[in-house]
Amino acid sequence: MLKIAVCVSGGGTNLQAIMDAIDRGTVTNAQIAGVISNNPNAYALKRAAGRGISAVCVSPKDYGSREQFNRAFLETLDSFAADLVVLAGFLVVIPPQVIEKYRNRIINIHPSLIPSFCGKGYYGLKVHEGALARGVKVTGATVHFVDEGTDTGPIILQKAVEVLPGDTPEILQKRVMEQAEWVILPQAVDLIANGRVSVQDGQVRILESEQQTGREESE
Ligand code: GAR
């Protein structure tokens, strides 16, 4: 059973999507061990606590230095004994020692088709404002492993979403969440929980499921 720690800063709809998928059985072999937020008022913390999941706030504001925060963040993650860390709208830079210790075990959901509209300054609504300003006709979401860069790690899954005339950043954000983020984030967790994701030379390979393999053999 894969133990997951989910890091959140806001509403937590992506956290909700993972919890719902576990309940429905579309994510298997996985359980959420704990939720960490940098924001004490994040609604995501309430969503977790409502399910009896341990939910804690670790905020840089509560520590004298970034180094102290980094240590506390790592200790909290370690206390959940997590096999996988999911950044679900977590707007804090992940400490280098955490990336090092959890290499290829941290994934992030980003609300665009990387490498478009990503990197420093592109988060939340700003991503959709950028897409609309550029006039793209298709956007989407990406789940990727986290490395030392901003949105630069190996890509696991992407899903495209149409931009429609009259879209505002808020309308587009909602469509991208509904059609892409809440689909591919649980899907990526399920693939990892079932040992179907490998990283070689910076590229992700998705292994076929036993069912798929069986079907091919019988063809
Ligand atoms: C989501 O749209 C997520 O893709 C985005 O923040 C939102 C969090 O919503 N993440 C980033 O922009 C990271 N660069 P949620 O709290 O309702 O899941």
Side-chain angles (χ1 to χ4, degrees), residues 4-22 27 32 34-51 53 55-60 73 84-95 98-99 106-134 136 138-163 167-189:
I4 309 166
V6 185
C7 302
V8 292
S9 296
T13 63
N14 279 287
L15 166 68
Q16 188 72 50
I18 298 170
M19 295 191 301
D20 291 348
I22 291 174
V27 167
I32 300 178
V35 171
I36 304 176
S37 177
N38 61 307
N39 169 9
N41 302 315
Y43 186 63
L45 286 174
K46 292 202 173 66
R47 292 182 195 265
R51 297 268 182 134
I53 295 169
V56 294
C57 174
V58 184
S59 168
F73 183 77
L84 179 71
V85 180
V86 177
L87 309 184
F90 189 58
L91 303 180
V92 173
V93 175
I94 300 299
V98 173
I99 294 173
I106 309 175
I107 65 173
N108 178 49
I109 178 81
H110 183 77
S112 75
L113 294 174
I114 289 174
S116 290
F117 311 111
C118 65
K120 213 161 180 274
Y122 278 116
Y123 58 88
L125 267 188
K126 290 181 193 295
V127 178
H128 306 292
E129 285 165 5
L132 290 175
R134 184 62 185 85
V136 296
V138 174
T139 183
T142 303
V143 182
H144 64 92
F145 283 109
V146 172
D147 65 9
E148 280 77 2
T150 307
D151 303 326
T152 52
I155 291 172
I156 306 167
L157 293 175
Q158 291 189 299
K159 191 163 191 292
V161 173
E162 243 188 311
V163 179
D167 272 353
T168 62
E170 290 80 6
I171 290 171
L172 185 57
Q173 178 182 53
K174 187 161 179 280
R175 188 178 314 116
V176 168
M177 283 178 158
E178 287 173 352
Q179 294 184 8
E181 296 185 40
W182 302 342
V183 178
I184 62 174
L185 185 58
Q187 201 181 340
V189 170

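Whatever order the structure lists ligands and atoms in, that order sets their numbers, starting from 1. These numbers come from a predicted model, not from an experiment.
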| Given Ile184 and Ile109, is the side chain to side chain contact (heavy atoms under 4.5 Å, CB included) satisfied, shown in steps? | CA-CA 9 Å; Ile184 62 174; Ile109 178 81; 4.1 Å; yes
| said: Quick test of your reading of the structure: of Lys126, Met177, Arg47, whose heavy atom lies closest to atom 7 (C) of ligand 1? | reply: Met177
| Which ligand 1 atoms, with their elements, are less than 4.0 angstrom from a heavy-atom of Tyr122? | 14 (N)
| query | Are any of the N/O atoms in Leu15 less than 3.5 Å from those in ligand 1? | reply | no
| request: Compare all side-chain heavy atoms of Thr139 with those of Leu132 and state whether any distance is below 4.5 angstrom. | output: no
| request: Begin with the C-alpha distance, continue with both residues' side-chain angles, and end with the deciding distance and a verdict on side chain to side chain contact (heavy atoms under 4.5 Å, CB included) for Ile106 and Phe145. | output: CA-CA 6 Å; Ile106 309 175; Phe145 283 109; over 6 Å; no
| said: Polar contacts were defined as any N/O atom of the residue lying under 3.5 Å from an N/O atom of the ligand; does this apply to His110 and ligand 1? | reply: yes
| remark: The protein heavy atom nearest to atom 4 (O) of ligand 1 is Glu181 OE1, 2.8 Å
| field | atom 17 (O) of ligand 1 - nearest protein heavy atom and its distance | value | Thr13 OG1, 2.6 Å
| query | Asn14 to ligand 1: N or O pair under 3.5 Å? | reply | yes
| query | Between Asn14 and Val6, is any pair of side-chain heavy atoms under 4.5 Å apart? | reply | no
| message | Return the closest protein heavy atom for atom 16 (O) of ligand 1 as residue, atom name and distance. | response | Gly12 N, 2.7 Å
| field | For Ile53, all residues meeting side chain to side chain contact (heavy atoms under 4.5 Å, CB included), sequence neighbours excluded | value | Met19, Ile32, Val35, Ala48, Arg51
| message | Give me the nearest non-hydrogen protein atom to atom 11 (C) of ligand 1 as residue plus atom name, then the distance to 0.1 Å. | response | Pro111 CD, 3.7 Å
| query | If you count the atoms of ligand 1 from 1 in the order shown, which ones are under 4.0 Å from a heavy atom of Gly11? | reply | 16 (O)
| request: Please determine if Gly124 has a nitrogen or oxygen closer than 3.5 Å to a nitrogen or oxygen of ligand 1. | output: yes
| task | Could you tell me the residue and atom name of the protein heavy atom closest to atom 6 (O) of ligand 1, and the distance to it rounded to 0.1 Å? | result | Gly89 CA, 3.7 Å
| message | Looking at ligand 1, is there an atom of it that comes within less than 4.0 Å of some heavy atom belonging to Ala44? | response | no
| query | Backbone or side chain, does any N or O of Tyr123 fall under 3.5 Å from an N or O of ligand 1? | reply | no
| task | Could you tell me whether ligand 1 has any atom less than 4.0 Å away from a heavy atom of Phe90? | result | no
| request: Determine, using heavy atoms of Ile109 and all atoms of ligand 1, whether some pair is separated by less than 4.0 Å. | output: yes
| Which pairs count as side chain to side chain donor-acceptor pair (under 3.5 Å) when at least one residue sits in residues 36-46, sequence neighbours excluded? | Ser9-Asn38
